[in-house]
Amino acid sequence: MRVYLDHNATTPVAKEVLDAMLPYYQERFGNASSTHLEGQEARHAVENARQQLADALSCEPDEIVFTSGGTESDNLALLGLARSYAQPGDRILISAIEHPAVRECGRFLGEMGYRVETIPVDHQGQVDIAQLMNQLDDEVRIIAVMAANNETGVIQPVEDIGGICEERGIFFHIDAVQAMGKIPVDPRRWKCHTLAISGHKIYGPKGTGALYVRKGTQLVPLQFGGTHERGRRPGTENVPGIVGLGKAVERISLMGPEANVRIQKLRDYLENAIREVFPDVIIHGIHAPRVPNTSLMSFPGMDGETLMMQLDLEGFAVSTGSACASGRIEPSHVLEAMGVPPEIARGTIRVSLGMSNTREDIERFVETIARLISKTPTHR
Ligand code: PLP
């Protein structure tokens, strides 16, 4: 039996979610923009999902825009805010640990003449508020900081940053893709203008997502066409996907904290067991608040890529702390930003737990990794 420990990459679609989606492929296939009965059924389903998201995020339904996923939500937010509220030459601050969906928007905006700058993080991988304060002036128009990091799981001080942005009239975007379902996500309390979520990280379908857009906030859209999503995201709605996203969001909000408490206990058990076997393991972000399911571990002297592949052959799916850029394995920008030396970053794997994992899975995982590492020459 394989053990899947890569839930930050993606999650399986929950049965209730799939069941809710299926009728919208065939029996209720209508176009939500049509006025006949078939169309009205589809429209009703889309608006029901919008309400499910609004309930989960404690916002108004018309503050929700459906998109094709986290990447599109981040792009719509950053490019939309920049084109609506900033001029080339204005400053945009983006944390050093953002997902490429945000980082690459920053790079593009830089090419367009905006002054895009990085907000550093400390050794635990948390944005340093004091540093951020030093970077602020009247020319800063937009700030983007994620709620929780996909590699380390470290939770960022978004509520404090939201307060700072509010005081200074700065637009604030939060990527909450990895926070949703793991910690309470509250755009109003966090005082952001836009907030991105993704369906496939929360047991919903791939290719679905949403952007919270605070009432009154204008966004130049990424694409042009009809009046769907009130012109903010033209294109015929992915009705089954939207229904699935709505159900997934409702499901995780109704679940209560117990599921995450259980997952956190498993994660803590894993980290303690690994530390017993390998006292020199480095667990990144362990002294900062983290989402309950994520553990980013470096094994000095090991190669993370090799370890990941060996684990795969043994039946365990994890990921590494590196990114494959132009055919070369590069240490992750997150570890680099945290000041982790490349030789340590090389030996990193990420374990991200999910709802189906059991204590037995983790016991077997620890036994396997202990066996694999003891076979490695430097660890014999
Ligand atoms: N933002 C974060 C923090 C992520 O982890 C991911 C996915 O890995 C994304 C954005 C992109 O989301 P999607 O895969 O839905 O495009």
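Order of appearance sets the numbers: ligands from 1, and atoms from 1 within every ligand. Since this is a predicted model, take the numbers as computed values, not measurements.
Between the H200 side chain and the P205 main chain, no donor and acceptor come within less than 3.5 Å of each other. Looking at R232, its side chain never comes within 3.5 Å of a backbone N or O of L219 through a donor-acceptor pair.
Considering only non-hydrogen protein atoms, atom 4 (C) of ligand 1 sits nearest to H99 CD2, 3.2 Å. Shortest contact from atom 5 (O) of ligand 1 to any protein heavy atom: Q178 NE2, 2.8 Å. Closest to atom 1 (N) of ligand 1 among all protein heavy atoms lies D175 OD2, 2.6 Å. Of all protein heavy atoms, the one closest to atom 14 (O) of ligand 1 is H200 NE2, 2.8 Å.
By the 3.5 Å distance cut-off applied to N or O atoms, G70 is counted among the residues near ligand 1. Checked by distance only, ligand 1 and E72 stay at 3.5 Å or farther apart across all their nitrogen or oxygen atoms.
None of L266, V281, I283 except one satisfies the side-chain contact (heavy atoms from CB on, under 4.5 Å) rule with E271; the exception is I283.
A salt bridge between R364 and E367 is absent, with no side-chain N of the basic residue lying under 4.0 Å from a carboxylate O of the acidic one. Residues E63 and R188 are paired through a salt bridge, judged by an N-O separation under 4.0 Å between the basic side chain and the carboxylate.
The two atoms that bring D74 and A196 nearest to each other are OD1-CB, 3.3 Å, heavy atoms only.
Among N8, I97, T71, T67, the residue whose heavy atom lies closest to atom 16 (O) of ligand 1 is T71.
The contact set between ligand 1 and D74, taken as ligand atoms under 4.0 Å from a residue heavy atom, comprises 1 (N), 10 (C). Within ligand 1, counting atoms from 1 as listed, the ones closer than 4.0 Å to a heavy atom of N150 are 3 (C), 5 (O). Residue contact check: G69 has heavy atoms under 4.0 Å from atoms 15 (O) of ligand 1. Near S198, the atoms of ligand 1 lying under 4.0 angstrom from a non-hydrogen atom of the residue are 13 (P), 15 (O). Close approach of ligand 1 to M146 is summarised as follows: ligand atoms under 4.0 Å from at least one heavy atom of the residue are 3 (C).
Residue contacts with ligand 1, taken as heavy atom pairs separated by less than 4.0 Å, do not involve V102 at all.
K247 is listed as a side-chain neighbour of E16, based on a closest heavy-atom distance under 4.5 Å.
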**Request:** Decide side chain to side chain donor-acceptor pair (under 3.5 Å) for H173 and T194; before the verdict, give the C-alpha distance in whole Å, the side-chain angles of both, and the deciding distance to 0.1 Å.
**Result:** CA-CA 5 Å; H173 172 64; T194 50; 2.9 Å; yes
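Side chains of T294 and N8: a donor on one and an acceptor on the other come within 3.5 Å.
Put simply, part of K201 is less than 4.0 Å from ligand 1, judged by heavy atoms.
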